[in-house]
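Have a look at the structure below, then the notes.
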Amino acid sequence: MTADDPLVTDPQHYRLLWENEHVRVLDYTDEPDDETHPHRHPNSVLVTVTGFERRLTSGDRSVDVALPAGTAVWLAAQQHSGRNTGTTPTHTILVELKDAPATPDQGPVLGPTTR
(Lines give C-alpha, C1' and ligand atoms only; values in the text may rest on other atoms or scores of the structure.)
Protein backbone atom coordinates (compact mmCIF):
# COMPACT_ATOMS: atom_id res chain seq x y z
CA MET A 1 0.00 0.00 0.00
CA THR A 2 1.10 3.55 -0.72
CA ALA A 3 0.53 6.72 1.29
CA ASP A 4 -2.34 7.74 -1.04
CA ASP A 5 -4.14 4.37 -0.76
CA PRO A 6 -7.65 4.93 0.66
CA LEU A 7 -7.12 2.12 3.19
CA VAL A 8 -4.23 4.24 4.56
CA THR A 9 -5.74 7.74 4.20
CA ASP A 10 -9.22 6.90 5.49
CA PRO A 11 -9.38 3.53 7.28
CA GLN A 12 -12.50 4.66 9.15
CA HIS A 13 -14.37 4.72 5.81
CA TYR A 14 -12.72 2.02 3.64
CA ARG A 15 -12.56 -1.69 4.43
CA LEU A 16 -10.92 -4.40 2.33
CA LEU A 17 -13.46 -7.09 1.40
CA TRP A 18 -11.35 -9.22 -0.93
CA GLU A 19 -8.23 -9.06 -3.09
CA ASN A 20 -6.24 -11.12 -5.57
CA GLU A 21 -3.68 -10.30 -8.27
CA HIS A 22 -6.38 -8.86 -10.60
CA VAL A 23 -8.84 -6.94 -8.41
CA ARG A 24 -9.32 -5.42 -5.00
CA VAL A 25 -12.82 -5.00 -3.56
CA LEU A 26 -13.38 -2.18 -1.06
CA ASP A 27 -16.40 -1.39 1.09
CA TYR A 28 -16.96 2.34 1.71
CA THR A 29 -19.26 3.92 4.30
CA ASP A 30 -19.70 7.42 5.66
CA GLU A 31 -22.18 9.82 7.26
CA PRO A 32 -23.45 13.22 6.04
CA ASP A 33 -20.68 15.85 6.03
CA ASP A 34 -17.92 13.23 6.46
CA GLU A 35 -14.84 14.03 4.36
CA THR A 36 -12.02 11.89 3.02
CA HIS A 37 -8.39 12.85 2.60
CA PRO A 38 -6.82 12.98 -0.88
CA HIS A 39 -6.38 9.41 -2.14
CA ARG A 40 -5.98 7.53 -5.41
CA HIS A 41 -8.10 4.88 -7.14
CA PRO A 42 -7.05 2.82 -10.17
CA ASN A 43 -9.68 2.15 -12.85
CA SER A 44 -12.66 0.85 -10.89
CA VAL A 45 -16.32 -0.06 -10.95
CA LEU A 46 -18.34 1.76 -8.29
CA VAL A 47 -21.58 0.15 -7.09
CA THR A 48 -23.93 2.19 -4.90
CA VAL A 49 -25.62 0.22 -2.13
CA THR A 50 -27.35 3.39 -0.89
CA GLY A 51 -27.92 6.73 -2.60
CA PHE A 52 -24.66 8.60 -3.20
CA GLU A 53 -24.38 12.40 -2.96
CA ARG A 54 -20.94 13.90 -2.69
CA ARG A 55 -18.54 16.56 -3.86
CA LEU A 56 -15.30 15.18 -5.27
CA THR A 57 -12.32 17.54 -5.31
CA SER A 58 -8.92 17.34 -6.96
CA GLY A 59 -6.69 20.40 -6.78
CA ASP A 60 -8.82 23.42 -7.70
CA ARG A 61 -11.50 21.34 -9.47
CA SER A 62 -14.70 20.03 -7.88
CA VAL A 63 -17.64 18.03 -9.19
CA ASP A 64 -20.93 17.18 -7.49
CA VAL A 65 -22.10 13.60 -8.00
CA ALA A 66 -25.52 12.15 -7.16
CA LEU A 67 -26.34 8.50 -7.90
CA PRO A 68 -29.31 6.42 -6.77
CA ALA A 69 -28.94 3.14 -4.89
CA GLY A 70 -28.24 0.10 -7.05
CA THR A 71 -26.22 1.94 -9.69
CA ALA A 72 -22.96 0.71 -11.21
CA VAL A 73 -20.61 3.24 -12.87
CA TRP A 74 -17.09 3.38 -14.26
CA LEU A 75 -14.56 5.31 -12.19
CA ALA A 76 -11.50 6.03 -14.32
CA ALA A 77 -8.16 6.14 -12.48
CA GLN A 78 -8.00 9.34 -10.45
CA GLN A 79 -6.92 11.09 -7.29
CA HIS A 80 -9.50 13.01 -5.25
CA SER A 81 -10.95 13.77 -1.86
CA GLY A 82 -14.67 13.69 -1.17
CA ARG A 83 -17.38 14.99 1.14
CA ASN A 84 -20.82 13.47 1.69
CA THR A 85 -23.11 16.36 0.70
CA GLY A 86 -26.30 14.34 1.16
CA THR A 87 -28.57 13.93 4.16
CA THR A 88 -28.10 10.16 4.50
CA PRO A 89 -25.17 7.78 5.06
CA THR A 90 -23.30 6.49 2.01
CA HIS A 91 -22.52 2.84 1.34
CA THR A 92 -20.69 1.79 -1.83
CA ILE A 93 -18.59 -1.07 -3.11
CA LEU A 94 -15.50 -0.33 -5.23
CA VAL A 95 -14.03 -3.01 -7.47
CA GLU A 96 -10.53 -1.75 -8.28
CA LEU A 97 -8.99 -3.25 -11.41
CA LYS A 98 -5.28 -3.92 -11.09
CA ASP A 99 -4.85 -5.10 -14.71
CA ALA A 100 -6.56 -2.16 -16.46
CA PRO A 101 -4.08 0.63 -17.30
CA ALA A 102 -5.17 4.23 -16.97
CA THR A 103 -6.21 5.84 -20.24
CA PRO A 104 -3.27 7.96 -21.50
CA ASP A 105 -3.74 11.57 -22.61
CA GLN A 106 -7.25 11.68 -21.19
CA GLY A 107 -6.37 14.57 -18.93
CA PRO A 108 -7.21 14.69 -15.25
CA VAL A 109 -10.37 12.72 -14.50
CA LEU A 110 -12.71 13.54 -11.63
CA GLY A 111 -15.78 11.52 -10.74
CA PRO A 112 -17.60 8.58 -12.31
CA THR A 113 -19.03 8.10 -15.79
CA THR A 114 -22.15 6.13 -16.63
CA ARG A 115 -20.86 4.81 -19.94
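- Applying the side-chain contact (heavy atoms from CB on, under 4.5 Å) rule to Thr48 yields the partners Phe52, Leu67, Thr71, Thr92; only residues at least two apart in sequence or on another chain are considered.
- In this structure the side chain of Asn43 reaches within 4.5 angstrom of the side chain of Trp74, judged on heavy atoms.
- For the side-chain contact (heavy atoms from CB on, under 4.5 Å) test, residues two or more places apart in sequence or in another chain that qualify with Asp4 are Thr2, Arg40.
- The side-chain heavy atoms of Thr9 and Tyr14, taken from C-beta on, include no pair separated by under 4.5 Å.
- Applying the side-chain hydrogen bond (donor to acceptor under 3.5 Å, both in side chains) rule to Asp60 yields no partners; only residues at least two apart in sequence or on another chain are considered.
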Stepwise side-chain contact (heavy atoms from CB on, under 4.5 Å) check, Leu7 with Met1: CA-CA 8 Å; Leu7 292 173; Met1 279 190 269; 3.7 Å; yes
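- Within the 4.5 Å cutoff, no side-chain heavy atoms of Ser81 are placed close to those of Leu56.
- At a threshold of 4.5 Å between non-hydrogen side-chain atoms, the residues Leu26 and Leu17 do not count as touching.
- Legend: residues meeting side-chain hydrogen bond (donor to acceptor under 3.5 Å, both in side chains) with Ser62, ordered by chain and number and at least two apart, are Thr57.
- Note: His39 and His41 meet the aromatic proximity criterion, with ring centroids under 6.0 Å apart.
- Val73 places none of its side-chain heavy atoms less than 4.5 Å from the side chain of Val45.
- Residues satisfying the salt bridge (charged side-chain N to carboxylate O under 4.0 Å, His left out) test with Glu19, not counting sequence neighbours, are Lys98.
- Residues satisfying the side-chain hydrogen bond (donor to acceptor under 3.5 Å, both in side chains) criterion with Gln78, sequence neighbours excluded, are His80.
- Asp30 pairs by the salt bridge (charged side-chain N to carboxylate O under 4.0 Å, His left out) definition with Arg54, not counting sequence neighbours.
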Check against side-chain contact (heavy atoms from CB on, under 4.5 Å), Val49 and Ile93: CA-CA 7 Å; Val49 178; Ile93 304 294; 4.0 Å; yes
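- Residues passing the side-chain contact (heavy atoms from CB on, under 4.5 Å) test with Thr88, sequence neighbours excluded: none.
- Scanning for side-chain contact (heavy atoms from CB on, under 4.5 Å) contacts around Pro11 gives an empty result, with sequence neighbours left out.
- Under the side-chain hydrogen bond (donor to acceptor under 3.5 Å, both in side chains) criterion, Asp5 pairs with Arg24, sequence neighbours left out.
- A 4.5 Å side-chain heavy-atom check between Val23 and Glu96 finds every atom pair outside the cut-off.
- When Thr29, Thr90, Asp34 are each tested for a side-chain hydrogen bond (donor to acceptor under 3.5 Å, both in side chains) with Asn84, only one passes: Thr90.
- Here salt bridge (Lys or Arg N to Asp or Glu O under 4.0 Å) pairs that include residues 63-90, with residues two or more places apart or in two chains, are Asp33-Arg83, Arg55-Asp64.
- Of all the heavy atoms in Thr50 and Pro89, the pair that sits closest is OG1-O, 3.4 Å.
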